[in-house]
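The block underneath contains the structure these notes are about, expressed in structure tokens.
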Amino acid sequence: MKKLQDKVAIITGAGSGIGAASAYLFAREGAKVVVADLNQDTGREVMRKITEAGGTAVFIQTDVSISNDVERMIQTAVDSFGRVDILFNNAGILGSPLENLTETQWRKELDIMLTGPFLGCHYAIPIMKKQGGGNIINTGSVASFIAGGSSPGYTAAKGGLLMLTKYLGKALAKDQIRVNCICPGAVDTGITVALWGQPSTDEEKKAIEQIRFSRIPMGRAGSTEEVAAVALFLASDESSYITGAAIPVDGGMLA
Ligand SMILES: NC(=O)c1ccc[n+]([C@@H]2O[C@H](COP(=O)([O-])OP(=O)(O)OC[C@H]3O[C@@H](n4cnc5c(N)ncnc54)[C@H](O)[C@@H]3O)[C@@H](O)[C@H]2O)c1
């Protein structure tokens, strides 16, 4: 039996990185996937690959920071598949360092990575309550726990998202809605390329990795599949007694 057989899963930021790996994995495990992303090209490509492999998916262009977009995204799941079992609030962007942080950029980071997940919850929870239950997963970060990353806005958003997760996990337990948070460390994705650049030589790659991996006991980056596997665990009944929790997927960074 597949772990998410016939479940309806919405994944934001599903056009790339952790979201795309989760969309493929959830679809292989039997979920009907709503691929939501700001980027039409990558989002449609993920949808196409899922359907080509025999899975079920629809794409909806969504800016998670815009209330109407998020409402439409949730409605797309209901219109296409009749329900919303899993909401994976995963979309994110690289934050700006303190020196360049304008008020506009601060608001943008908070809008995408804290208000975005709130909006998803805001529109999905009434549907989940009516259905008799549901499952919400948020992508936090090691920055949910420790400062010192690249950006104060990103850190504030991810810290806030951890507390939103805890609050909702407690408040919604009685409604059979579980809310948990995944906290990746260093994972090779679009965000890491934006942060570190694309090394053009082996020496450059080595030099970047030396800095990047110095704080990681396992001495390497995680893969998107390693994060997606934890998302699947949280989305499935295997984690049926876990709510309000945050699971680091960080090679030991937070230990
Ligand atoms: N990669 C890491 O090392 C790392 C570490 C900790 C946390 N995270 C978190 O993981 C999540 C996924 O990021 P990733 O690493 O896979 O990066 P990624 O850049 O590969 O994927 C992010 C996706 O979000 C989409 N997106 C950006 N803004 C959006 C918006 N306003 N509305 C909808 N979609 C939008 C992008 O188009 C992209 O497809 C993010 O929340 C990020 O903060 C990543």
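Each ligand, and each atom within it, is numbered from 1 in the order the structure gives. Count residues from 1 along the sequence.
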For [atom], which of the options [options] provides the nearest non-hydrogen atom?
{"atom": "atom 6 (C) of ligand 1", "options": "Ser16, Gly116, Pro184, Pro248", "result": "Pro184"}
{"atom": "atom 31 (N) of ligand 1", "options": "Asp63, Leu94, Val249", "result": "Asp63"}
{"atom": "atom 27 (C) of ligand 1", "options": "Gly92, Gly13, Ala36", "result": "Gly92"}
{"atom": "atom 4 (C) of ligand 1", "options": "Ala186, Gly185, Ser141", "result": "Gly185"}

Taking distance alone, with no angle check, do Asn90 and ligand 1 share an N/O pair under 3.5 Å? yes
Side chain to side chain donor-acceptor pair (under 3.5 Å) pairs touching residues 151-170, sequence neighbours excluded, are Glu109-Ser151, Asn138-Thr165
With Pro117, which of Leu161, Val64, Val179, Ile137 fulfils side-chain contact (heavy atoms from CB on, under 4.5 Å)? Leu161
I need the nearest protein heavy-atom contact for atom 15 (O) of ligand 1: residue, atom name and distance, please. Thr189 OG1, 2.6 Å
Closer than 4.0 Å to some heavy atom of [X] - which atoms of ligand 1 meet that?
{"X": "Ala91", "result": "24 (O), 33 (C), 34 (N), 35 (C), 41 (O)"}
{"X": "Ile93", "result": "27 (C), 28 (N)"}
{"X": "Ile112", "result": "31 (N)"}

Taking the side chain as every heavy atom from C-beta outward, state whether Thr12 and Phe88 have any pair of such atoms under 4.5 Å apart. no
What I'd like to find out is whether the side chain of Ile247 reaches to under 4.5 Å of the side chain of Leu234, using heavy atoms alone. yes
Please list, chain by chain and in numerical order, all residues satisfying ring pair (Phe, Tyr, Trp, His ring centres under 6.0 Å) with Phe145, sequence neighbours excluded. none
